[in-house]
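In what follows, a structure is listed as structure tokens, so that the remarks can point back to it.
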Amino acid sequence: MDIQNELPKTYSPEGIEDKWYQTWMLNQSFKPKKGKQNQTFTLIMPPPNVTGKLHMGHALDATTQDVLTRYKRMKGFETLWIPGTDHAGISTQAVVEKLIYKTEKKTKHDLGREEFLKRIWAWKEQYGAEIVNQQKKMGVSCDWDYATFTMDEVPNKAVRKFFVKLYNEGLIYQSDYIVNWDPILQSAISDAEVDHKEVKGNFYSVKYKVKEDPNIELIIATTRPETMFADTAVAVNPNDERFKDLIGKTAIVPICNREVPIIGDEHVAIDKGTGCLKVTPGHDFNDFEIGKRNGLPIINILNADGTFNTNAPEIEGLKPKDARAEVERIMNELGILVEKKDHVHPVGHGERSGEIVEPIVSKQWFVNTTSMADRAVKAVEDGEMTFYPKGWENTYFSWLRNPKDWCISRQLWWGHQIPVFYCRSCKHQWAAEENPTECIECKDTDVYQDADVLDTWFSSGLWPMSTLGWPDEEAMKEKGFDRFYPNTVLITGFDIIFFWVARMMMMGMKVTDKAPFKDVYIHALVRDKQGRKMSKSLGNGIDPLEMVKEYGADAVRFTLAASSGYNRDINLDPERIEGYRNFMNKVWNAFRFIAPYLDKAKDELPIKSEWHLHDKWILAELNAVAKTINESLDVYRYDDASSAIYQFVYDKLCSWYIELSKNILNGNDEKAKIIRATMLKYCFRKVMILLHPITPFITEEIWSILENGKSLVTDQEYVEFDKNLENEEVLTMMNKFCDITTGIRNIRSSVNLKPKDELDVKLFTDDKELAKFMYESRHFLKDLANVKSGTIRGKSSERPKKSASLATTHTEIFIPLEGLIDIQDQVSRIKKDMDKTKADYSKVEAKLANTNFVSNAPPEVLAEVKEKAATFQEKLESLDKILNSFM
RNA sequence: GGGCGUUUAGCUCAGCUGGGAGAGCGCUACCCUUACAAGGUAGAUGUCGGCGGUUCGAUCCCGUCAACGCCCACCA
């Protein structure tokens, strides 16, 4: 049984992938090691939620980061990729809450805070690792010893340290503020977590009476009449001639008959609505501002669950929608509803819950981000941190140039509890890194901690530091903080530029005075093939694990890499994955071809004088690919790197070099056989190395056979560009050879000759080198185009009559087939080519005739155009000769 | 309303600092040729969104219009 038949005919990744992942782990391949670059390369993995299931976005994260990590590691950087998971406050709490209610019919309040948190931890220990295993299926080469959870001891310390620092600097403050309240989560959420969606509603015009003058009726337009119960003023624009006399008088809010002042405020637009505005400081962002300016009282009419409270007795207990209907009914009864019309307007929805959020005034914690944001902007302006693609810096700037204070408190239990403490006896409030046992002012022991927890992004923002041990000095030493901070690059999606990138910048620079990373590569968002966002409700999600199962992780990775450049969307079609699976199979079968010759192959390349022109050519092409891949990956052009290696394997290695090798490997020249086998093995080694960052599994599998298990491809040095291998003349010669071969095949196809039909081919060229090479290559032409016999002559020789023919720019090809071919057909083929060539020729000729062009164009362009003109002319002459041969 | 981006072959997209329009998939024809039918060989397909400008020369630069997409802010 020979080796070729031992290897399966199609590559099947099953079993192979897990085997190699385990090998790499055992081999400690993912641990940072000092290399020839004498430089570190660090990146952190955006920590997925512990509740998460791997989706295409994660798969893209994993691929773009792993390709880069493996590439840099092979190039000799001391490479560290840090994994981790995020506690994801709201979603985790919600998952466990639901689970407990389902199984035990208990709420978190039934269990109490301490017990409930215990349950979440237990859940996290049991299920939180799921996503980690899924990442491993993708082949991620991170150092798992660094794996960090956002609620581990060190990140906890980081959160506290940072909080206390800002608190003591006065940058964290507590304030009554109007916040977005999510009635499902029963928590405040930050502005950034609110989506504004267009909603169909109504525009109500309502009569308000004026106390001082019962004859006046103010018409007030509103979309939310149910909030009347919280009105504490009516406002008009002080410059509005219609109403300015009313300022200072008193309006009566209908239904609840509250007397409220009529005030003047510039915010009121004269031309919008009716020009009169009901002011509801407790439940509207703008009104809250008006209220502050005018010292208005705040009335809260909502409960935490979004229903109305006792301040709105007529609608108490109702949800806003029902309340609105009820208020409408009452208004109709009272005859104060003047008009109701349809109205589409944007309404805030909670990003996570999908529910309409209610503006509510409550006490929350905030971070004043003004100065931190300035620093973060400057770092990018000064080039301390660079975005790839550059355009994303605009998004970053647009957030940070108008920073809003960040609401960091959440009314949840799962998360980092705010390290602020209160004394019951003296009412003192302070922040502390360690839990105190007594008041630092009055020493009373009756102290308690703030009940709220921090926004999850507060801990994520410290991630580049806390994963490297900050602020624990021992941990920092152990994890190499000094070497690995700042990170080299951050890779993430544009949807969290503000949530995460900006916050890491602000927080990292606040602590260390250094940007936490040098580059930020923003990858695209994966959508379905129609460009729609993948979502549960649409059911258009593509499960990466299913794709891995069906096509192999390498194919999924190659697809994602090939789709990742500076684009902002990836419209993923599973057919593409199939296509790249086929590519994996192609690589596998190319290897199956060379496998039987491996024992002949030497480990070292033969001396240069023994290289065949084919060898010089393939090495030059290989070298060019190495150049492209290196340059592309250095600037995060995964697409260019992928297509370079894809094309090399298909179009150069398989279609030509391997095909050209058959004649030699099956021939009688032992020495030539050895050289060719050596060359093939060499190329394959290099291709495996070049491909390895993108498709680690199949390359490791093939490498193990290539090298008899002596080494791992993952430990090899990456292929670098080598100036000595460049060879312009050889490339030109091979291109001409390919032109001629393709030309012969083209003719064969045009006259419907079967592959089995042997040809007699007559070539005419004035290129003496080419003629020589074609003569030497006559055996190869037999293999590639089934050419049995032929001649090569100069262009002054006489052409055979009535042959199937074709002209390249350098060579005329004649296949004498008199009597067997349709002359008319051949003539029209040639004429068509002639028309096209004439058109091309006249274009360049026109340029050369243009004196402005000749005098203005740079010399190299001029030379190029002249050369083109010459080749077109040569081809035209050839075509002319061919036409004549039919006369 | 403010900002960003997109418009290139049937589809998805690439085209770096201006110099003869590209890839993959799909499609057509022929071929089970001893690595591969998850394959081979050959082939067809574009007013590079419209209009104007700069230039010897524009897919690329500028202006303008149109369509689409995204982000931010917000219409009581």
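Below, all heavy atoms of this structure are taken into account, side chains as well, without hydrogens, waters or symmetry copies. Chain A is the first sequence line, chain B the second, and so forth, proteins listed ahead of strands; every chain is numbered from 1.
Note on A:E860: nothing from the nucleic acid sits closer than 4.0 angstrom, heavy atoms only. Using a 4.0 Å heavy-atom distance criterion, A:W392 is classed as making no nucleic acid contact.
For the P atoms, the distance from B:rG46 to B:rA38 is 32 Å, rounded to whole Å. For B:rU17 and B:rU6, the P atoms lie 13 Å apart once the distance is rounded to whole Å. B:rG57 sits 38 Å from B:rG69 when the P atoms are compared, rounded to a whole Å. B:rC65 and B:rA23: their C1' atoms are spaced 32 Å apart (whole Å).
At least one side-chain nitrogen or oxygen of A:R637 sits closer than 4.0 Å to the OP1 or OP2 atom of B:rG15. Taking 4.0 angstrom as the limit, A:R745 places a side-chain polar atom (N or O) nearer than this to OP1 or OP2 of B:rA42. For B:rC56, the OP1/OP2 oxygens have no side-chain nitrogen or oxygen of A:N850 closer than 4.0 Å.
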TODO: Classify every nucleotide of nucleotides 30-37 of chain B by which part a protein heavy atom approaches to under 4.0 Å, writing B for the base, S for the sugar-phosphate alone and - for neither, in 5'-to-3' order.
DONE: SSS--BBS
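Pairs of Watson-Crick or G-U wobble type, with distances under 3.5 Å, assemble into runs of 3 or more in RNA chain B at these ranges: B:1-7 with B:66-72, B:10-13 with B:22-25, B:27-31 with B:39-43, B:49-53 with B:61-65.
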Open item on the list: Under the criterion side chain to side chain contact (heavy atoms under 4.5 Å, CB included), I'd like the reasoning laid out for A:R829 against A:L806: C-alpha separation, chi angles, the key distance, then a yes or no.
Closed with: CA-CA 9 Å; A:R829 259 181 71 241; A:L806 178 147; 3.7 Å; yes
